[in-house]
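Written below as structure tokens is the structure these notes are about.
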Amino acid sequence: MHDLKDLRTRPDYYKDKLSKRDKSLVLLFEEILKLDQQKREIQAKADELRKKKNDIADEIGRSKDNKDKVETLKKEGTDVNSKLAEIEKGEMDLTHKLIEKAMWLPNIVCDSVPEGEDETKNKEISKWGNPRIENWVKPHWETGIKLGIFDFERGVKIAESRFTVLSGMGAKLERALMNFMLDNAATKGYKEIFPPILVNKDSMTGTGQLPKFDGDFYKCENEFLYLAPTAEVPLTNLHRDEVIPLEQLPVKYCAYTPCFRREAGAASKDTRGIIRQHQFNKIELVKITSVETSDKEHEELTKDAEEILQKLELPYRKTLLCTGDIGFSAMKCYDLEVWFPSQNTYREISSCSNFGSFQARRTNIKYKPNPKDKPQFVHTINGSGLAIGRTLAAILENYQTEKGTVLVPKVLQGYLGGAKEVS
RNA sequence: GGAGAGGUGGCUGAGUGGUCGAAAGCGGCAUCCUGCUAAGAUGUUGUAGGGUCAAAAGCUCUACCGAGGGUUCGAAUCCCUCCCUCUCCGCCA
């Protein structure tokens with residue numbers, strides 16, 4: 001959500017920026033400006049009538065003894081009210097339309113974000129590790145089935161496709177990854193949170209999932225609750241409608257949560273394996289910062305996520321998403337992509353975004369830069385640190401031996417009673 | 001699930017139909033004062049939207065007393081619905 005006042009003061013700036021994301025957004029923008037104009041006009045009329053109404057009421061209060069005068073004024077009041085009712089209806093109508101449209105406007109991207117229509121225009125920032133290129137490496141699902149740690153059929157039996165059962169060492173590895181990542185985040189000063197996994201509509205709207213992406217999420221029938229698609233939603237909304245004292249910034253949270261996504265638009269993508277599931281586990285890192293430090297904190301959060309991959313010794317690369325690939329609410333976003341030998345390619349395992357004040361406006365989270373200042377909106381930042389299922393899949397490929405067993409990364413061995421190999 | 005109580009500004013808390021955006025206290029901010037500290041004096045202090053203005057300041061209008069409706073010329077105050085909190089009882093991991 002943008003500041004409407006700013007929108008109308010420098011429309012050319014917004015049109016230019018929005019068109020870089022998607023040309024059709026300019027039309028939406030112009031529609032919003034027009035609605036804003038109409039809304040302000042009708043509001044002026046309504047305000048005027050409301051003033052008249054108040055004046056009449058006050059006048060009656062003052063002239064209680066004069067019966068004739070009161071009667072006349074009452075009639076006048078009734079007249080004003082009937083006019084006002086009509087205008088207020090239009091006012092409400094326009095306000096709703098305006099807000100509804102404005103909620104569909106994505107964030108403005110940073111100048112540093114490369115222009116481009118799709119992921120092919122993302123910019124590679126760096127690479128880490130040596131990707132193994134060996135044609136005998138089996139896809140993670142084959143190894144997982146062979147080792148008896150994935151059970152795809154029973155996942156489907158219990159739920160439906162894109163649900164998988166982890167068993168034995170599979171379950172243990174998942175839990176070891178969870179603990180390792182949370183422990184690592186703790187050393188970086190992130191406070192661990194265990195939030196509700198079901199979240200309400202206000203929360204989903206606050207972080208930008210709604211209204212645009214309704215349909216991508218599971219929702220409870222007859223309830224106003226959604227299954228959170230990411231812990232970003234509950235964590236950021238912890239501070240909705242709050243003014244955070246300056247000395248508490250930056251606020252840093254981490255959380256393990258299961259995440260639920262319908263994957264509605266991904267019908268034929270990644271149907272095999274555990275890369276794209278309806279339910280997956282994730283450690284999320286969230287920061288709430290002042291405007292001045294947000295850029296620096298974003299870089300650091302990304303490094304915190306990278307460090308997990310480095311400690312797990314998984315080769316990865318870091319890309320800066322282009323205007324056509326970056327998320328709705330983000331103004332700048334790095335993706336971390338881990339190497340998958342069986343696919344001979346890098347696949348996304350973390351997405352670290354700076355949202356600027358975009359989410360803060362929707363969630364109404366503020367801080368005072370100085371005690372005397374008026375509260376202003378914070379910046380919010382978040383990233384996966386990391387997606388656990390994808391990390392497990394990457395381990396099954398990058399740590400695979402020619403025998404078909406899987407070595408346990410050093411940093412996880414302590415979480416698994418010293419186990420060095422899954423066979 | 002049953003019974004009751006309640007939701008007012010950053011906080012505490014008054015206000016049961018008219019000049020209430022809301023007393024009082026606390027806190028915050030500013031100035032002054034006392035050799036420092038503690039204390040004291042005075043003033044000031046909500047949010048959002050609109051108008052005016054080149055812009056800011058200022059001025060001004062409107063809305064907001066959990067949310068949404070209703071009654072009335074006029075609602076924090078009366079009526080209805082919903083949400084939330086607390087207490088007791090029941091049930092339960």
Side-chain angles (χ1 to χ4, degrees), chain A residues 1-13 32-103 194 196-206 219-220 222-226 234 237-249 258 357-358 360-378:
Chain A
M1 182 82 178
H2 296 285
D3 180 5
L4 289 171
K5 227 186 278 179
D6 196 40
L7 238 62
R8 79 175 84 101
T9 8
R10 40 184 197 144
D12 294 338
Y13 168 80
I32 287 166
L33 275 195
K34 206 171 126 200
L35 281 168
D36 175 58
Q37 171 72 22
Q38 292 172 339
K39 186 241 162 192
R40 279 182 297 137
E41 277 167 17
I42 202 163
Q43 188 193 337
K45 273 186 211 157
D47 277 353
E48 201 180 309
L49 279 174
R50 276 188 284 256
K51 171 157 172 53
K52 205 165 175 189
K53 166 185 167 165
N54 291 340
D55 287 346
I56 290 168
D58 288 349
E59 187 61 26
I60 290 176
R62 276 191 296 266
S63 357
K64 266 191 190 143
D65 333 324
N66 188 339
K67 282 232 165 108
D68 286 352
K69 192 172 176 191
V70 167
E71 280 314 307
T72 319
L73 284 169
K74 275 193 184 181
K75 255 187 214 118
E76 219 179 300
T78 313
D79 283 354
V80 171
N81 279 348
S82 63
K83 266 186 228 160
L84 182 60
E86 207 174 303
I87 289 179
E88 276 187 332
K89 194 168 163 277
E91 186 192 21
M92 213 177 0
D93 200 44
L94 274 168
T95 306
H96 286 158
K97 260 189 208 153
L98 175 62
I99 291 172
E100 159 68 15
K101 292 279 179 194
M103 283 298 206
F194 202 113
I197 314 297
L198 268 65
V199 294
N200 60 32
K201 209 171 175 173
D202 283 346
S203 297
M204 290 285 275
T205 307
K219 56 184 139 174
C220 299
N222 302 326
E223 299 266 357
F224 306 103
L225 296 172
Y226 290 75
N237 277 282
L238 281 173
H239 291 286
R240 178 146 44 91
D241 294 319
E242 288 183 21
V243 177
I244 303 176
L246 182 67
E247 62 272 17
Q248 285 178 25
L249 298 180
S357 60
F358 190 81
R361 272 175 214 290
R362 292 179 163 231
T363 45
N364 189 30
I365 306 174
K366 295 181 173 176
Y367 76 111
K368 285 187 186 180
N370 289 295
K372 293 178 216 166
D373 290 349
K374 282 184 92 175
Q376 65 167 283
F377 292 112
V378 297

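Fair warning: this is a prediction, and the values are worked out from it, not measured in the lab. A, B, ... follow the sequence lines: proteins, then strands. Residue 1 opens every chain.
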Review point. When you check the side-chain N and O atoms of D202(A) and T205(A), is any donor under 3.5 Å from an acceptor?
Key: no
Study note, to complete from the structure: Applying ring pair (Phe, Tyr, Trp, His ring centres under 6.0 Å) to F358(A) and not counting sequence neighbours gives H2(A), F328(A)
Considering only atom [atom1], compute the distance from [N] to [M] and round it to an integer number of Å.
N	M	atom1	value
U72(B)	C89(B)	C1'	42 Å
U85(B)	G28(B)	C1'	28 Å
G70(B)	U77(B)	P	14 Å
G21(B)	C65(B)	P	12 Å
A41(B)	A24(B)	P	15 Å
C78(B)	G2(B)	C1'	29 Å
U44(B)	A76(B)	C1'	25 Å
A23(B)	G9(B)	P	13 Å

G-U wobble or Watson-Crick pairing nucleotide for [N] (cut-off 3.5 Å, both distances):
N	result
C64(B)	G46(B)
A93(B)	none
G6(B)	C84(B)
A54(B)	none
C32(B)	G40(B)
A76(B)	none
A23(B)	none

Report which part of the nucleic acid [X] touches: base, sugar-phosphate, or nothing (heavy-atom distance under 4.0 Å, all strands).
X	value
K52(A)	nothing
L73(A)	nothing
K64(A)	base
R8(A)	sugar-phosphate
K366(A)	sugar-phosphate

By side-chain contact (heavy atoms from CB on, under 4.5 Å) - contacts of [X] (at least two apart):
X	value
L249(A)	I244(A), L246(A), V251(A), I288(A), S290(A), Y367(A)
T363(A)	N237(A), R240(A), I365(A)
Q38(A)	K34(A), L35(A), L94(A)

Study note, to complete from the structure: Nearest-nucleotide check on RNA chain B, A46(A) vs R62(A); residue mapping nearer the 5' end is R62(A)
Point to revise | Residue whose closest nucleotide on RNA chain B lies nearer the 5' end, E48(A) versus V70(A) | key: E48(A)
**Study point:** Contacts of K201(A) that satisfy salt bridge (charged side-chain N to carboxylate O under 4.0 Å, His left out) - sequence neighbours left out
**Key:** none
Check your understanding: Who pairs with K51(A) by salt bridge (charged side-chain N to carboxylate O under 4.0 Å, His left out), at least two apart in sequence or on another chain?
Key -> D55(A)
Could you name each residue pair satisfying side-chain hydrogen bond (donor to acceptor under 3.5 Å, both in side chains) that touches [range], not counting sequence neighbours?
range	value
residues 76-88 of chain A	R50(A)-E88(A)
residues 66-75 of chain A	E59(A)-K69(A)
residues 3-12 of chain A	D6(A)-R10(A), D6(A)-Y14(A), R8(A)-D36(A)

Gap separating the [atom1] atom of [X] from the [atom2] atom of [Y], nearest 0.5 angstrom:
X	Y	atom1	atom2	result
L7(A)	I32(A)	CG	CD1	6.5 Å
L33(A)	K101(A)	CG	NZ	13.5 Å
N364(A)	F377(A)	CG	CZ	5.5 Å

Check your understanding: Near RNA chain B, under 4.0 Å by heavy atom, which residues of residues 78-100 of chain A?
Key -> T78(A), N81(A)
Revision key, fill the gap. Within residues 33-44 of chain A, the residues having a heavy atom closer than 4.0 Å to RNA chain B are K39(A), R40(A), Q43(A)
Revision key, fill the gap. Chain A reaches RNA chain B, atoms under 4.0 Å from its heavy atoms, from G18(B) to G74(B)
